[in-house]
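Within every chain, numbering begins at 1; the chains are lettered A, B, ... in the order of the sequence lines, protein sequences first and strands thereafter.
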Amino acid sequence: MYDSAIDAKWDKIWRDSKAFLFDEKSDKPSYIIDTPPPFTNGALHMGQAFWVCYIDSIARYKRMQGFNVLYPQGWDAHGFPTELAVEQKYGKGLGRDDFYKKCVEESMGNIANMKDEMLRLGASFDSRYEYLTISDDYVSKVQLSVLQMYENKMVYRAVHPVEWCVSCVTTISREQAEERQEDTNLNYLDFKLSGSDKKMSIATTRPELLHACVGVAVNPNDKRFSGLIGKTVTVPIYGNEVMIFGDEAVDMTFGTGAEMVCTFGDKADVSMYYKHKLALVDAIEENGNLKGAGKFTGMKLKEARKKVIEALKEAGALTKQEKIKHTVKIHDRCATPIEFLSSMQWFIKIKDSAQKIKELGGEIQWVPDFALQRLEDWSNFIEWDWAISRNRIFGTPIPFWHCERCGEIVPADKGKLPVDTLKQKPPLNDCPKCHGSLAGETNTLDGWVDSSITPLVICGWPENRKSTVPPASVRIQGTDIIRTWAFYTIFRTWALTKGKPWESIIAHSMILGSDGREMHKSLGNGVYPAELLKKYTADSIRLWVALSGAIGKDKIFSYKDMDFAKNFINKLYNSALFVQKGLSEAGVPKTEPSKDLGIFDIWILNEFNKLVGRVTKSYDSYNLYEAANAIINFYWHDFCDYYIENVKYRIYSKDKSMERSKHAAAFTLNYVLLNSLKLIAPIAPHATEEINSMFSKESLMGQKFPVHKEAPHNMDYVINGVVFQSDIVDIDFADVGALLNNVIGEVRKAKAKEHMALNSEIKGIEVTVPRQYLKALEQSKSELIEICKMKEVKVKEGSDYAVAINI
RNA sequence: GGGCUCGUAGUCGAGUGGUAAGACGUUCGCCUCACACGCGAAAGAUCUGGAGUUCAAUUCUCCACGGGCCCACCA
């Protein structure tokens, strides 16, 4: 029976025969695949297994269609989780170099495991083109890409608010932020209007940041305040004056309708800081101590809040306190509320490119098409430039030095990459402007800077190979990272080459847990590929992926679906055993026994030909669901349940006069089986190869995909793309095949109703059919008698089709 | 608050301007010489609700209700 040892056997044979290798010198058209480089955290998750199977099926299909397929696989190693794992293993004492080395070690171990899982799923990537984001080659290309963008004036250094964890003393990125509901006090403070005795009440949850108040915002449509815009107020306790300005983002119904803006209390403050060009006050230190806050300086935030409130009370500025619930963003690791700190960061200019990104997005084929909307939505919402520096060690070094005195930037030499500006000397001795000393960068690049050039790297950028000129043919990725990976890739590819990264992009959605929720460790609803590989063969998993429904729609994981996939593979195998046995008795005719083909033979050959057309179209539009579904329905029901059952009596016949009919059936069985294998081979390569090897020494790898040809007339049939004519019936074969099968169905039904075994004998039937079917039925009498195990078949003409059964 | 997406038999899930694949499950029968991981049969859907366009809507439009995802906001 079928097991995973067979998978491994074929995987090895294919690799040894170089079946997956891309040929740089080939004349065949290239087909270039850009897959996600998984983050190297140790084991594949279901989403990754999903796209591995999906894109691998497409790669195999394209090879069968005659393409020279470049299917590389990359690994995204740089990143925080690896740093964390290393920290947990070795503590915090490691020096920068040792720490980096341990991170590399950690990553390499994880990659080995993930790669093994991919290979066991049958992934047919070409290992010679594997890439690793921490390799010298890849790092060089990332640095080169940044240097090139710098030359195009797209990279700069500036002070910018960053999301910061005061407990871990590090920047954190948005995806590391979680939300939490909290109870807090909304404090109503009185600010004195300048040049008047009047007071203005302002509500805030962050009184401890009062010293960083740089303005008061009101909604310009708010009649209560519209007259005050442009005037100034005095900040309580500290006594400095700030401007009142209008901003439509202010909610008139919240608090008093007036909001104090601190640099920085929250993200809205950051927006207003930029929009209204407000002053910048550094409110807190990196460790969360207050900075520049008079007598409160040096206090922790929490403590400061209490003390400031007390001081406000004493000053009579606190008029009211109200309990409210609000959401705060917290760091996912330590649950500390996230603060905004301003610090010197590197940026890539992206704001001005939103329109261009949308345009390019429109030139790419999106599967499903609605995925494009996500790119457009995101592009419409770019608030500020892309901050590319991270306070991390395990990342790509930023290839610039800067002058410690005047901030002048000195880029690395493009010919001397990769570079680590902390270790290597700058190309100049000192600042070209002020002769200050030059400093290297302790920060490293954001991981998206690494991964947003994958299609260029796999095409060989900056020197493209002749056979791999961008754009790549296709990318597959999750819909969840359209706003990051797809977005940055389109942007960077345009910035570096003025072109689009790919012709097409397939955006798949999520595999949900059986409870309908996202798979999550804490929910305990996760299923892992490694676990599935123990229970199922690779092809069952791959077929399950193909059968997971419309791409782009979330799929709830279910073992029942897995079992169905498994059962089909089993069916395929068992039907092949039958065909093999039949052929050993009848022998396989070398040429089409066209004169001997019966109605059922021609019927199934035509159904198969139609199937080839449908399946080709489905594969070409990246719709594996449709392809797999069509093949399974045809194979299981038309071929196995009807055709095979209908020809059994011919195959088993010992009668000399049946010889030619037996050969025709053997030919048809052989043809439909072997070609069906080719149709499903991209999705279930191991099982089909194993079955194929029962009949042929020639591997399915490298064989041509079956060709569809439209038959010019109803009474023609098509074998292997060649049209034949027949005169055995005078109507459409599909029509007459369906009719005959229906007659057989009626007999089965009658037997079932009488609780009879299907192979039990009955007396006979009388079939009434309209005139156009008469000839076909008369022709098929003896076949029906054999198939249904009955004594006689009477046929008569009538306006309505009917079957009378005599048991 | 905004955008996208979905709402089809007990469950999962395709699809179409002319009343709806398939799977699982259920019921009944069959160990029919490839397969009981199977074969045959049966029951089960007013295609979330309402309005509109149309000769005709599950399929198009609008509204409502209900899931999901993403984004924004939460002073």
(request) Could you pick out which residue, A:Asn623 or A:Ala268, lies toward the 5' side of RNA chain B when each is mapped onto its nearest nucleotide? (result) A:Asn623

(request) Would you confirm whether the ring centroid of A:Phe487 sits within less than 6.0 angstrom of the ring centroid of A:Phe491? (result) no

(message) Closest approach to the side chain of A:Tyr625, judged atom by atom: which nucleotide of B:rC74, B:rG13, B:rA34 is it?
(response) B:rG13

(message) By the 4.0 Å heavy-atom rule, please label A:Val250 as base, sugar-phosphate, or nothing.
(response) base

(message) Let's see if you get this right: which residues in residues 635-648 of chain A place a heavy atom under 4.0 Å from RNA chain B?
(response) A:Trp636, A:His637, A:Cys640, A:Asp641, A:Ile644, A:Glu645, A:Lys648

(message) Using a strict heavy-atom distance below 4.0 Å, which residues from residues 251-260 of chain A are in contact with RNA chain B?
(response) A:Asp251, A:Phe254, A:Ala258, A:Glu259

(message) Going by side chain to side chain donor-acceptor pair (under 3.5 Å), name the residues that satisfy it together with A:Ser271, two or more places apart in sequence or in a different chain.
(response) A:Glu383

(message) If you assign A:Asp266 and A:Glu626 each to the RNA chain B nucleotide with the nearest heavy atom, which residue ends up on the more 5' nucleotide?
(response) A:Glu626

(message) Looking at A:Asn574, I'd like to know whether one of its side-chain N or O atoms comes within less than 4.0 Å of OP1 or OP2 on B:rC37.
(response) no

(message) So that I can tick it off, tell me whether A:Glu322 and A:Lys320 are bridged by a salt bridge, with the cut-off set at under 4.0 angstrom between side-chain N and carboxylate O.
(response) yes

(message) What's the closest nucleotide to the side chain of A:Asp561 if the choices are B:rU5, B:rC12, B:rC74?
(response) B:rC12

(message) Using the side-chain heavy atoms of A:Tyr652, tell me which of these nucleotides is nearest: B:rC33, B:rA41, B:rA72.
(response) B:rC33

(request) Assign a letter to each nucleotide of nucleotides 25-31 of chain B from its 5' end: B, base within under 4.0 Å of a protein heavy atom; S, sugar-phosphate only; -, no contact. (result) ---SSS-

(message) Counting Watson-Crick and G-U wobble pairs with both distances under 3.5 Å, what is the dot-bracket string for RNA chain B, 5' to 3', using [ ] for crossing pairs and | for pairs to another strand?
(response) (((((((..(((.........))).(((((.......))))).....(((((.......))))))))))))....

(request) Could you tell me whether A:Asn629 contacts a base, only the sugar-phosphate backbone, or nothing, with contacts defined as non-hydrogen atoms closer than 4.0 Å? (result) base

(message) Given B:rA75, B:rC70, B:rG22, identify the nucleotide with an atom nearest to the side chain of A:Arg374.
(response) B:rC70

(request) Output yes when A:Lys275 and A:Asp247 qualify as a salt bridge under the 4.0 Å nitrogen-oxygen rule, no when they do not. (result) yes

(message) Less than 4.0 angstrom between a side-chain N/O of A:Lys581 and OP1 or OP2 of B:rA34, yes or no?
(response) yes

(request) Taking the side chain as every heavy atom from C-beta outward, state whether A:Phe608 and A:Tyr635 have any atom pair closer than 4.5 Å. (result) no

(message) Going by the rule side chain to side chain donor-acceptor pair (under 3.5 Å), which residues pair with A:Glu259 if we only count those two or more places apart in sequence or in a different chain?
(response) none

